S.K.: 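Mind having a look at this structure? Questions to follow.
Since the model is a prediction, treat every value here as computed from it, not as a measurement. Excluded from the calculations below are hydrogen atoms, water molecules and symmetry mates; all remaining heavy atoms, backbone and side chain alike, are included.
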Amino acid sequence: MPTRPLEGKTALVTGGSRGVGAGIVARLAADGATVAFTYARSAARADAVAAAAVAAGGTAHPICADSMHEEDVATAVTQSVDRFGGLDILVNNAAVGFFAPITDLRMDQIDAMLTVNVRSAIVAIRESLPHLAEGGRIINIGSINADRTPFPDQSIYALTKGALASLTRGLARELAPRGITINNIQPGPIDTDANPADGPVAPAMLGVMATERYGTAAEIGAFVSYLAGPDADYITGSSLNIDGGFAA
Ligand SMILES: NC(=O)c1ccc[n+]([C@@H]2O[C@H](COP(=O)([O-])OP(=O)(O)OC[C@H]3O[C@@H](n4cnc5c(N)ncnc54)[C@H](OP(=O)(O)O)[C@@H]3O)[C@@H](O)[C@H]2O)c1
């Protein structure tokens with residue numbers, strides 16, 4: 001087993017400045033990939049993620065690119081390709097969530113979820129595909145809420161994550177002839193700013209799970225790295241749960 005299984009690979013991760021995305025950047029870089037990652041607002045935290053990757057012996061470059069804007073996403077792909085001379089791995093991680101009854105959600109909140117969680121992933125995939133070669137990897141970060149929504153107020157967020165699962169299945173058929181895999185990771189509760197393990201909804205979350213703990217960004221990073229690596233060549237079109245038994 002190589003100690004750096006992604007040596008020589010290049011990756012772009014959307015939303016890598018905090019939380020799950022930061023865990024993905026850290027792990028891909030530690031496993032040898034040269035990583036670019038986007039953020040929208042958290043410049044200082046993005047710089048810290050990049051510095052930590054470098055301190056650990058890896059390479060990571062932050063790119064300010066708002067997933068609300070198609071041209072930002074396209075530019076992030078172009079910058080990554082230009083800087084690295086190619087692209088092997090795309091991880092669509094950036095997302096936003098607004099949780100309220102559908103009648104209380106504002107349309108701008110609904111549009112933001114559709115745009116960042118779904119449309120920007122479509123844009124990133126379209127822009128990346130001309131550059132991905134045989135062995136290329138696309139990994140979407142969905143949510144277990146696509147399969148199970150045990151609480152109210154999650155309908156549109158869950159819809160966006162269900163869309164990623166469908167997109168993943170459909171594209172697997174298009175991309176397999178090119179030797180490119182696409183998969184959709186569906187996390188359960190992960191300890192981040194968006195869903196702190198000591199936050200107000202944590203007791204309810206833990207109450208519907210098989211395990212009695214939140215997952216970590218590092219655990220998602222490890223799963224992404226496996227799917228990005230050579231051992232996962234036969235996995236495509238799948239939505240894979242890493243959820244502590246949330247859906248069990
Ligand atoms: N945490 C969980 O329990 C959980 C469970 C299931 C699935 N997920 C999924 O895991 C992924 C990450 O979630 P998280 O908990 O880490 O969220 P988070 O703590 O809110 O972090 C979100 C990340 O996405 C970036 N982002 C947000 N809006 C953006 C935009 N318009 N353009 C570019 N980047 C943007 C943020 O950048 P800035 O720092 O610049 O804002 C940040 O890096 C999401 O796809 C989420 O749906 C999370």
S.K.: For the side chain of D72 and the backbone of D66, is there at least one donor-acceptor N/O pair under 3.5 Å apart?
M.R.: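 Judged by distance alone, yes, a pair lies under 3.5 Å.
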S.K.: Counting N and O atoms only, with roles assigned by atom type, does the side chain of T211 sit under 3.5 Å from a partner on the main chain of G244, one being a donor and the other an acceptor?
M.R.: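 Checking the backbone N and O of G244 against the side chain of T211, a donor-acceptor pair under 3.5 Å is found.
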S.K.: Apply the hydrophobic cluster definition, ILVMFWY joined by side-chain contacts under 4.5 Å directly or through others, and give me every member besides M209.
M.R.: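 Listed partners: I144, F151, V201, M205, L206, V208, Y214, F246.
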S.K.: Is there a donor-acceptor pair closer than 3.5 Å between any side-chain N or O of R137 and the backbone N or O of G229?
M.R.: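 Answer holds: yes.
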S.K.: Charged N to carboxylate O below 4.0 Å: is that the case for E219 and R213?
M.R.: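 Between R213 and E219 there is a salt bridge, with a charged N closer than 4.0 Å to a carboxylate O.
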S.K.: Using a 6.0 Å cut-off, check whether atom CD of E71 has over 12 heavy atoms from anything other than its own residue.
M.R.: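 Counting neighbours around CD of E71, more than 12 heavy atoms of other residues, nucleotides or ligands fall under 6.0 Å, so yes.
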S.K.: Please confirm whether the backbone N or O of A76 pairs with a side-chain atom of Q79, one donor and one acceptor, at under 3.5 Å?
M.R.: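 Judged by distance alone, no pair lies under 3.5 Å.
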S.K.: What do you reckon, is CZ of R173 surrounded by more than 12 foreign heavy atoms closer than 6.0 Å?
M.R.: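 No, not enclosed.
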S.K.: State whether the side chain of D191 and the backbone N or O of A197 hold a donor-acceptor pair below 3.5 Å, judged by distance alone.
M.R.: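 Pair found, side chain donor or acceptor close to backbone of A197.
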S.K.: Under the 3.5 angstrom rule, does the side chain of T149 hit a backbone N or O of N145 as a donor-acceptor pair?
M.R.: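 No: the side chain of T149 does not pair with the backbone of N145.
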S.K.: Are side-chain N/O atoms of T168 and N184 paired as donor and acceptor at under 3.5 Å?
M.R.: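 Short answer, no.
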S.K.: Looking at N117, N92, N183, which one forms a side-chain hydrogen bond (donor to acceptor under 3.5 Å, both in side chains) with N140?
M.R.: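 Single side-chain hydrogen bond (donor to acceptor under 3.5 Å, both in side chains) partner of N140 among N117, N92, N183: N92.
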S.K.: Other residues, nucleotides and ligands only: do more than 12 of their heavy atoms fall within 6.0 Å of CZ on R45?
M.R.: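 More than 12 heavy atoms, drawn from other residues, nucleotides or ligands, come within 6.0 Å of this atom.
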S.K.: Looking at D31 and R4, is there a salt bridge between them, counting it only when a charged N and a carboxylate O are closer than 4.0 Å?
M.R.: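 No, this pair does not count.
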S.K.: Ignoring hydrogens and geometry beyond distance, is a side-chain donor-acceptor pair present between Q186 and D147 at under 3.5 Å?
M.R.: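 Yes, D147 and Q186 have a side-chain donor paired with an acceptor closer than 3.5 Å.
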S.K.: Please lay out, stage by stage, how F99 and Y157 fare under the test ring pair (Phe, Tyr, Trp, His ring centres under 6.0 Å).
M.R.: CA-CA 8 Å; F99 302 101; Y157 176 79; 5.2 Å; yes
S.K.: Using side chain to side chain contact (heavy atoms under 4.5 Å, CB included) as the criterion, point out the one residue from I138, V224, L227 that pairs with V91.
M.R.: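 So, applying the side chain to side chain contact (heavy atoms under 4.5 Å, CB included) to V91 and each of I138, V224, L227, only V224 qualifies.
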S.K.: Does some side-chain heavy atom of F98 sit less than 4.5 Å from a side-chain heavy atom of I156?
M.R.: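 No. Closest side-chain heavy atoms not under 4.5 Å.
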S.K.: Would you say T10 and D88 are linked by a side-chain donor-acceptor pair, where the criterion is simply a distance under 3.5 Å?
M.R.: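 There is such a pair (donor and acceptor under 3.5 Å, judged by atom type) between the side chains of D88 and T10.
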S.K.: Give the minimum heavy-atom separation between T115 and M68, together with the two atoms involved.
M.R.: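 Heavy-atom minimum between the residues: CG2-O, 3.5 Å.
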S.K.: Can you confirm whether T160 sits close enough to L114 that some side-chain heavy atom of one is under 4.5 Å from a side-chain heavy atom of the other?
M.R.: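 Yes - at least one pair of side-chain heavy atoms lies under 4.5 Å apart.
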S.K.: Tell me if a side-chain donor or acceptor on S143 pairs with a main-chain N or O of K161 at a distance below 3.5 Å.
M.R.: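 Pair absent, no side-chain N/O of S143 close to backbone of K161.
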